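A quick write-up on the structure given underneath.
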There are 2 protein chains.
Amino acid sequence: METKLKLPRSCRIILKNMRPHELLAAQEIFTRMRAANPKYPGLSTTYRSMEILVKEGFVQSVDLGDGEKLYELVDPGEHHHHLVCNHCGTQIHMDECAIEDLREYLIETYGFHVTVHRLEMFGACEVCLKKKF
Amino acid sequence: METKLKLPRSCRIILKNMRPHELLAAQEIFTRMRAANPKYPGLSTTYRSMEILVKEGFVQSVDLGDGEKLYELVDPGEHHHHLVCNHCGTQIHMDECAIEDLREYLIETYGFHVTVHRLEMFGACEVCLKKKF
DNA sequence: CTCGATGCAAACGATTTGCAAAATT
DNA sequence: AATTTTGCAAATCGTTTGCATCGAG
């Protein structure tokens with residue numbers, strides 16, 4: 001038996017208006033939610049909401065290394081990785097998780113059991129490669 | 001012909017006193033350098049130095065997601081990844097780079113050419129696994 | 001003398017927090 | 001009425017920057 005999950009209003013607004021596969025900073029989420037719904041709460045509430053949504057598995061938080069956390073809707077329990085083009089900024093979402101195959105190897109070699117991981121790759125996308133960047 | 005690299009004094013002190021395979025925050029580096037050498041410059045110089053050392057390839061900067069950058073001596077050009085135990089905090093350094101094998105696959109599948117990547121894995125180390133954490 | 005290195009304090013930017021007011025149940 | 005959510009401003013914290021001074025070549 002699972003208790004029905006009760007999310008605050010702000011979380012519900014976010015879930016309703018945030019699109020999957022879009023990496024957004026808290027600031028940006030706040031701005032968009034306000035635009036979509038003038039009665040949407042303030043910025044600090046956004047931070048509080050994202051914390052809840054991450055914990056509940058609705059949102060994945062991603063760190064691209066530029067000093068701010070980015071958030072992204074995911075199918076609960078799922079996660080994936082990003083290929084970020086350094087030239088045009090395009091973000092490609094990998095369908096598969098590159099680490100899955102590594103799991104067993106890491107247990108055998110290091111005795112280490114991976115539960116969470118973070119992987120981001122940077123480089124050049126197809127288009128920019130052709131432009132000879 | 002390569003120009004002889006001239007590093008500021010603070011960088012030289014850091015290279016001399018920092019141990020390989022040890023992840024340290026700027027604050028921590030500052031403290032240690034001061035301890036090793038009372039004439040070592042201040043904290044802001046440490047930040048400026050790390051920037052140089054990263055750019056020159058002496059140091060790798062790592063983000064474990066807790067809001068501060070960590071720095072680590074590396075053999076120039078090299079890089080590697082970390083297995084961080086969530087229970088005891090142990091950091092295991094992987095000898096190999098798990099991503100190398102992925103490179104070709106990503107080019108074929110996504111047309112994406114990876115130049116830089118970030119990979120950190122979190123979970124339970126051998127010791128903590130045995131403790132049934 | 002000239003230029004890069006440094007010190008110091010202020011600025012910054014994202015995030016967090018404290019507490020009182022408002023809304024939900 | 002009790003509990004949860006929110007607003008707002010202030011506090012945090014790591015990091016960066018401006019600018020005057022110091023020091024090596």
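In this text, all values refer to a predicted model and were calculated from it rather than measured experimentally. So you know, we letter chains A, B, ... as the sequences are listed, proteins then strands, and number each from 1.
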Can you list, pair by pair, the side-chain donor-acceptor contacts under 3.5 Å of residues 8-16 of chain B, counting residues two or more places apart and other chains?
unit_1  : atom_1 : unit_2  : atom_2 : d
B/Arg9  : NH2    : B/Lys39 : O      : 2.8
B/Ser10 : OG     : B/Ser49 : OG     : 2.4
B/Arg12 : NE     : B/Leu7  : O      : 3.1

Quiz prompt | Test ring pair (Phe, Tyr, Trp, His ring centres under 6.0 Å) applied to B/His113 - qualifying residues, sequence neighbours left out | solution = none

Practice problem: Can you check each nucleotide of nucleotides 1-8 of chain C against protein heavy atoms at under 4.0 Å and return B for base, S for sugar-phosphate only, - for none, in 5' to 3' order? | Solution: ----SBBB

Quiz item: How would you list, by chain and number, every residue that makes a salt bridge (charged side-chain N to carboxylate O under 4.0 Å, His left out) with B/Glu68, sequence neighbours excluded?
Solution: none

Quiz item: Which residue pairs pass the salt bridge (Lys or Arg N to Asp or Glu O under 4.0 Å) test when at least one of the two sits in residues 107-121 of chain B, sequence neighbours left out?
Solution: none

Quiz item: Are B/Val114 and B/Leu102 grouped together when hydrophobic residues (ILVMFWY) are joined by side-chain heavy atoms under 4.5 angstrom apart?
Solution: yes

Exercise. Provide the start and end nucleotides, 5' to 3', of the part of DNA chain D that has atoms under 4.0 Å from heavy atoms of chain A.
Key: D/dT5 to D/dC8

Quiz prompt | Cluster link B/Val127 to A/Ile107, ILVMFWY, side chain under 4.5 Å | solution = no

Self-check item: Length of the CD-P vector between B/Glu68 and C/dT15, whole Å
Solution: 16 Å

Self-check item: B/Asp63 CG - C/dA14 C1' separation (whole Å)
Solution: 13 Å

Quiz item: Between B/His82 and B/Glu72, does a side-chain contact (heavy atoms from CB on, under 4.5 Å) hold up when you go through it step by step?
Solution: CA-CA 11 Å; B/His82 304 90; B/Glu72 169 181 21; 2.9 Å; yes

Practice problem: Quickly work out the A/Leu70 CG to C/dA14 P distance and round it to whole Å. | Solution: 11 Å

Practice problem: Can you label the angle between the A/His21 ring and the A/His93 ring as parallel, tilted or perpendicular, going by 30° and 60°? | Solution: parallel

